[in-house]
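None of these values were measured; they are calculated from a predicted model. To find a chain, count down the sequence lines: A is the first, B the second, and so on, and within it residues start at 1.
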Number of protein chains: 2
Amino acid sequence: MSEELPTPPWDRSRRRAAPVRVPLTPERIVDAAYVVLDREGYDKLSMRQVATELGVAVSALYTHVSSKDELLELMYLRLFRGWEVPDPDPERWREQVAEFAREGLDRLRRHRDMARISMVGVPFSPEVLPQMERLVTIFRSAGLPDPVAARAGDLLSTLVDAFAFEESIWQDRYRDSPDFSWTKVSESFQQYFKDLPPDRFPNLSALAPHMISDSQDDRFDLAVEIVIRGLASFVEEAATAGESGGRSAPAGEPR
Amino acid sequence: MSEELPTPPWDRSRRRAAPVRVPLTPERIVDAAYVVLDREGYDKLSMRQVATELGVAVSALYTHVSSKDELLELMYLRLFRGWEVPDPDPERWREQVAEFAREGLDRLRRHRDMARISMVGVPFSPEVLPQMERLVTIFRSAGLPDPVAARAGDLLSTLVDAFAFEESIWQDRYRDSPDFSWTKVSESFQQYFKDLPPDRFPNLSALAPHMISDSQDDRFDLAVEIVIRGLASFVEEAATAGESGGRSAPAGEPR
DNA sequence: AGTAGATCTGAACAGCGTTCACCGTACACC
DNA sequence: GGTGTACGGTGAACGCTGTTCAGATCTACT
């Protein structure tokens with residue numbers, strides 16, 4: 001925060017009585033809110049904390065931001081700033097989709113508990129439409145039928161949000177434990193599954209090593225892979241239907 | 001609630017001074033919490049409201065329930081009571097998985113904002129393990145490789161939660177509007193997409209009719225269908241690998 | 001220079017989760 | 001049958017929350 005620096009004397013003599021008090025703006029309020037969020041977490045993110053962070057009375061915030069909900073939405077929109085989705089490359093659509101999902105997750109992970117805010121954000125705000133447009137472009141140029149292409153973006157971003165959300169809950173739950181490390185938690189959970197009575201839980205106990213991933217990324221990557229494969233089956237179906245009027249053999253009937 | 005009935009005179013004469021005050025239990029507190037939730041929604045669900053609903057002081061709740069978080073968890077666990085997942089039928093695994101997802105969504109829809117509570121619930125509590133065990137059984141008997149089978153249940157329940165969650169947010173956002181109907185909202189959103197500038201949003205505007213489903217179910221069903229197809233590709237892959245050592249042609253590489 | 005308008009302050013309100021000293025009743029025991 | 005103990009419910013309180021509002025203060029334009 002550059003405004004914390006002392007004002008240089010030569011500058012002060014020039015424009016006399018320089019405004020030592022930087023004017024409050026929505027932008028600065030969002031900045032401060034992010035500082036509080038990262039330090040304290042979502043549950044402790046309050047208007048009073050944000051105001052304190054800015055060295056300002058609580059009520060001052062309300063001239064720039066109409067409510068806490070609006071502040072949260074501004075924070076949500078900030079997430080998407082500068083997100084450039086590449087031009088579609090039909091040869092690489094799977095990778096492009098996976099990268100999109102990964103970028104989304106990474107952005108949510110940039111701030112603690114950000115997913116908690118993101119999940120209640122309006123997914124069709126004008127500010128976030130460009131990315132959705134590009135993603136749908138990728139889907140269409142990959143050969144997905146229009147109804148599927150339209151909804152695949154929705155599915156993917158919901159999935160990203162949900163995984164980040166669960167990650168956030170998890171971390172909150174274990175952050176305060178004295179010796180927190182992901183591998184520790186992961187091991188204790190694998191043990192939990194392994195110790196389940198095999199007569200009542202034959203599969204869960206047998207699959208214990210796989211029930212909890214060593215890293216959170218594995219879990220996410222596999223989920224994305226499954227979705228991409230599901231989408232791919234629609235691409236194949238559309239392709240063979242377009243060529244021969246038939247359909248690819250084992251594609252599964254929509255119910 | 002049968003305790004609301006007047007106590008019969010003959011019974012009253014028999015065991016004199018019958019306890020007119022029904023004893024408080026976690027069970028009754030959860031009942032009352034559900035009443036408040038359904039009537040007022042998650043944001044208004046407070047310990048004080050629950051206590052008022054029971055005609056009792058707030059502090060009385062804390063002898064039976066250690067915190068609001070515990071109450072929410074008890075509500076969450078109640079959701080799964082009496083959920084019987086059928087025996088695996090490898091011929092019908094797709095349908096069984098779809099039905100599982102549908103049952104999960106339906107249960108979340110039974111109470112207003114229930115998904116808000118469900119998403120922060122512990123997904124591995126002993127009370128919810130039986131359903132997960134059965135689901136994994138279905139996956140394994142369908143021929144999914146173990147690592148995928150173990151995580152597919154996680155993916156599916158996350159998806160169900162997330163969709164129900166978004167539905168809940170949506171409904172909260174429009175519940176108070178004077179003439180609320182899903183078709184109305186859906187139409188106005190389709191119009192919103194159609195009116196987007198076609199030079200900047202060629203795909204979103206072109207796909208406007210598909211961007212918002214007529215019913216919430218379509219959206220969910222397609223998402224589940226995509227996931228099931230993705231899982232199916234792993235089944236095929238495992239099958240052909242088991243027979244011939246090859247792999248099914250266009251399956252996509254995990255990264 | 002003076003005034004109009006934007007902006008910030010401090011106090012207040014209603015509601016929240018949670019705690020605690022107190023009280024009444026019911027049951028167990030002598 | 002009387003007495004004591006332990007449990008369950010009460011009401012008040014604490015510290016926190018989002019939001020509002022009258023008044024003070026500071027900015028900028030005429």
Polar-atom pairs under 3.5 Å, protein N or O versus N or O of nucleotides 16-19 of chain C: list them with distances, or write none.
from: C:dC16; atom 1: OP1; to: B:S46; atom 2: OG; distance (Å): 2.9
from: C:dG17; atom 1: OP1; to: B:M47; atom 2: N; distance (Å): 3.3
from: C:dG17; atom 1: OP1; to: B:K68; atom 2: NZ; distance (Å): 3.1
from: C:dG17; atom 1: OP2; to: B:M47; atom 2: N; distance (Å): 2.9
from: C:dG17; atom 1: N7; to: B:R48; atom 2: NH1; distance (Å): 2.5
from: C:dG17; atom 1: O6; to: B:R48; atom 2: NH2; distance (Å): 3.0
from: C:dT18; atom 1: OP2; to: B:Y62; atom 2: OH; distance (Å): 2.8
from: C:dT18; atom 1: OP2; to: B:K68; atom 2: N; distance (Å): 2.8

Worksheet item: Are A:F201 and A:F193 an aromatic pair by the rule of ring centers under 6.0 Å?
Response: no
Side-chain donor-acceptor contacts of residues 35-45 of chain A below 3.5 Å, not counting sequence neighbours, with atom names and distances?
from: A:D38; atom 1: OD1; to: A:R112; atom 2: N; distance (Å): 3.3
from: A:R39; atom 1: NH2; to: A:E53; atom 2: OE1; distance (Å): 2.4
from: A:D43; atom 1: OD1; to: A:R116; atom 2: NH2; distance (Å): 2.9

Worksheet item: Between A:D43 and B:A60, which is nearer to the 5' end of DNA chain D once each is assigned its nearest nucleotide?
Response: B:A60
Worksheet entry | Between C1' of D:dG9 and CZ of B:R28, the distance in whole Å | 13 Å
Worksheet item: Which whole-number value in Å describes the distance from A:L24 CG to C:dT9 C1'?
Response: 13 Å
Worksheet item: Hey, is A:R173 close enough to A:E167 for a salt bridge, meaning N to O under 4.0 Å?
Response: no
Fill in: Under 4.0 angstrom between A:H64 side-chain N/O and C:dC8 OP1 or OP2
yes
Discussion item. Between P on D:dG18 and CD on A:E70, what's the gap in Å once rounded to a whole number?
Written reply: 15 Å
Worksheet item: Between B:F189 and B:W182, does the ring centre distance come in under 6.0 Å?
Response: no
Discussion item. How many whole angstroms separate atom CG of A:L61 from atom C1' of D:dT20?
Written reply: 14 Å
Worksheet item: Between A:D106 and A:R102, is there a side-chain N and carboxylate O pair less than 4.0 Å apart?
Response: yes
Worksheet entry | More than 12 heavy atoms from other groups under 6.0 Å of CZ on B:R200 | no
Discussion item. Nearest whole Å is fine: how far is D:dG18 C1' from A:L72 CG?
Written reply: 12 Å
Practice prompt. Write down the distance between OH (A:Y42) and C1' (D:dG18), rounded to a whole number of angstrom.
Written response: 13 Å
